[in-house]
Amino acid sequence: MSPASSLSRPVIVCFRDDLRMADHPALHEAAASGAPVLCVYVLDDETSDLPPPGAASRWWLHGTLADLRGALEKRGGTLLTLGGPLEKILPRLAEETNARCIYWHHRLHEKERQQDERLIRTLNHKGVEVRAQWGSVLLDPERIRTKEGGFYRVYTSFWKALQGQAVPEPLDLPSDFPFFRVAPSLMKTDRLDEAALLPRHPDWAGGLRSTWEPGEREAHEHLTDFLHHEVDHYGRGRDLMAEEGTSRLSPYLASGAISPRQVWATVGEHGLNGEDARIFRSEIGWREFARYTLYHFPQLCERNLNRKFDALSWRRAPEDLRAWQKGQTGIPVVDAAMRQLWQTGWMHNRARMIVGSFLTKHLLVDWREGEAWFWDTLVDADRANNTMNWQWVAGTGIDAAPFFRVFNPSRQAEKFDPDGDYIRRWVPELAKLSGKALVEPWKAQAEDLHAAGVTLGKTYPHPIVDLAEGRSRALVTFRSL
DNA sequence: GAAATCTTGCA
DNA sequence: GCAAGATTT
């Protein structure tokens, strides 16, 4: 084959949780090859051992894919969105287009890595090269090791080790590069709008649309807004549930509309070195630690990290679970949080700890039930974060001090929603209550409830569990292990 | 600051 | 082998 014909063969960039143009090592390398670039995303709902995205993530994914396609079209290319089993679709596409190389970013989960290994063998066999890099982490998880050569299990140690290394600078947008001209017959197989990403009957995404705008530009706007305003009181502000004290970057990070290296570098560029910026950076560190942990402990999604907890007998309580999911537990702060999740596809981080502790401790329901619900309802659903943090809140292995991890929802509400605005916004039937009565209406005076138009058991549920009893049941159960 | 056990670095 | 330290209570 002559060099000229080799150069005219296209290269493919296979997008995954990295839906952006800037700081995209795979796209960068493909663009630098000089060959015409074909950008593709494969939505695989058919490979059974890899859970497909949940409903809220699918809505988010649709918006992010459309945004990325728009950005590529502005430069004269496009994003081909195909549906089907990745291991069939990608080799077939390579064959049809006579591609000579495919670029992608490593994935984290063991099953994804095994699938990528199989793909590489198939593609190499067909004469297609594969080049993989780390794209949506600060550092290659293999590179952070203890002095003994093992892997960290404690966040602080991990964080210290990570800070001792140089995080790569984010890459700029690739300069102009040629795109592969997608044949109309191939374009007809595009599935972006038929891939069942958007809810139809009923269209429940109204609350998501009015809360969120997916997109790469929007991700950077969120970040710079946050760095100009909220970051100065992040240490305290990030815990106040009624306020916009957090960065709200999570869905953008989960889909890869922005990369952690970009966040890291932007904090540095703003010259932010104070305590609050340090705490914000360490939250990016927690995201990294979740990825690192999932990479090194692939069983994290299914099993307790500490096997001792396998003996724990969780309650089978479908009605309690359902009340929790629907925000009808009778505990106002829990219901506020669960309704915020249902309506907006997102929940404040402090509230996630409260509802997680309530489900796994007061209701003694398996953390995997909570994880599954979050997976389906969060626009920022992320395998690594979701499972590591559920195991953290359940106390099943992430760190060695689970003893006090039974949050008292009412004390949490008083501390982190001091004016009751969070509860009032999401549980409007209690809006006329205030102070203690708003936090614990079951203890309120009958006349206060009456004046506020609240009838327990009618306009708002009785608590499904007595908080003190639930707490002691959890302590007894956990101590018995 | 209690009460608990595991991780990590250093002897 | 031993001491220090461990997000969120």
Side-chain angles (χ1 to χ4, degrees), chain A residues 144-164 233-241 243 245-247 250 275-293 296-297 300 304-312 331 333-334 337 347-362 367 370 374 384-418 422 439 467-468 470-481:
Chain A
I144 303 168
R145 288 171 182 265
T146 63
K147 292 276 192 296
E148 274 81 43
F151 305 107
Y152 290 100
R153 291 149 193 274
V154 168
Y155 174 69
T156 308
S157 318
F158 165 84
W159 184 231
K160 276 184 199 149
L162 187 142
Q163 284 172 301
H233 35 90
Y234 185 66
R236 165 88 182 139
R238 77 196 158 121
D239 273 329
L240 298 175
M241 295 182 285
E243 289 178 26
T246 66
S247 71
S250 54
E275 178 66 4
D276 290 296
R278 197 191 56 75
I279 297 171
F280 176 59
R281 266 198 174 176
S282 89
E283 297 298 336
I284 300 298
W286 271 97
R287 176 184 185 276
E288 190 78 3
F289 187 51
R291 295 183 132 54
Y292 176 88
T293 305
H296 291 294
F297 305 95
L300 183 72
N304 299 305
L305 202 53
N306 183 339
R307 303 301 297 278
K308 182 177 90 173
F309 294 96
D310 291 355
L312 199 149
I331 315 294
V333 71
V334 172
M347 190 195 293
H348 191 282
N349 178 249
R350 170 59 52 180
R352 295 187 197 200
M353 294 186 243
I354 298 171
V355 302
S357 168
F358 181 76
L359 183 73
T360 57
K361 303 296 166 68
H362 289 94
W367 61 266
F374 272 27
N385 282 334
N386 204 24
T387 48
M388 188 192 72
N389 287 317
W390 271 100
Q391 292 224 42
W392 180 86
V393 83
T396 53
I398 288 303
D399 68 312
F403 224 75
F404 302 91
R405 207 159 295 145
V406 184
F407 286 44
N408 181 325
S410 305
R411 301 292 87 71
Q412 290 281 312
E414 285 163 358
K415 264 191 181 168
F416 302 116
D417 184 30
Y422 184 70
V439 174
L467 292 181
R471 177 190 158 84
S472 48
R473 178 174 63 188
L475 287 176
V476 168
T477 310
F478 272 75
R479 235 193 300 257
S480 72
L481 294 172

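In what follows, every heavy atom counts, from backbone to side chain, and hydrogens, waters and symmetry copies are set aside. In what follows, chains are A, B, ... by sequence order, proteins preceding strands, each numbered from 1.
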Can you label the angle between the [X] ring and the [Y] ring as parallel, tilted or perpendicular, going by 30° and 60°?
| X | Y | result |
| --- | --- | --- |
| A:Tyr292 | A:Tyr152 | tilted |
| A:Phe478 | A:Phe309 | tilted |
| A:Tyr422 | A:His348 | perpendicular |

Identify, with sequence neighbours excluded, every residue that meets side-chain contact (heavy atoms from CB on, under 4.5 Å) alongside A:Glu148.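 For A:Glu148, the residues satisfying side-chain contact (heavy atoms from CB on, under 4.5 Å) (neighbours in sequence not counted) are A:Thr146.
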
Restricting to side-chain contact (heavy atoms from CB on, under 4.5 Å), what partner residues turn up for A:Arg278, sequence neighbours left out?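 If we apply the side-chain contact (heavy atoms from CB on, under 4.5 Å) test to A:Arg278, skipping adjacent residues, the hits are A:Glu275.
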
Measure from [atom1] on [X] to [atom2] on [N] and round the result to the nearest Å.
| X | N | atom1 | atom2 | result |
| --- | --- | --- | --- | --- |
| A:Glu148 | B:dT7 | CD | P | 13 Å |
| A:Leu475 | C:dT9 | CG | C1' | 12 Å |
| A:His362 | C:dT9 | NE2 | C1' | 12 Å |
| A:Phe151 | B:dG9 | CZ | P | 13 Å |

Give A:Phe158 one of three labels, base, sugar-phosphate or nothing, depending on what nucleic acid heavy atoms sit under 4.0 Å from its own.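 No contact.
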
Stems where DNA chain B pairs, listed by first number, each of three or more Watson-Crick or G-U pairs under 3.5 Å: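 As far as DNA chain B goes, consecutive pairing (with distances under 3.5 Å) yields the stems B:5-10 with C:1-6.
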
In whole Å, what separates the P atom of C:dA4 from that of B:dA11?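 The answer is 13 Å between these two P atoms.
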
Under 4.0 Å from OP1 or OP2 of B:dG9: is there any side-chain N or O of A:Tyr152 that close?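 For A:Tyr152, the contact criterion (side-chain N or O under 4.0 Å from OP1 or OP2 of B:dG9) is met.
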
Can you tell me if A:Arg471 touches the phosphate of C:dT9, counting only side-chain N or O atoms and a distance under 4.0 Å to OP1 or OP2?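 False: A:Arg471 side-chain N/O out of range (4.0 Å or more) of C:dT9 OP1/OP2.
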
Treating A:Asn389 as the side-chain partner and A:Asn385 as the backbone partner, does any N or O pair qualify as donor plus acceptor under 3.5 Å?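 It does hold such a pair.
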
In terms of side-chain heavy atoms of A:Arg350, which of B:dC10, C:dA6, C:dT9 is nearest?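 The answer is C:dT9.
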
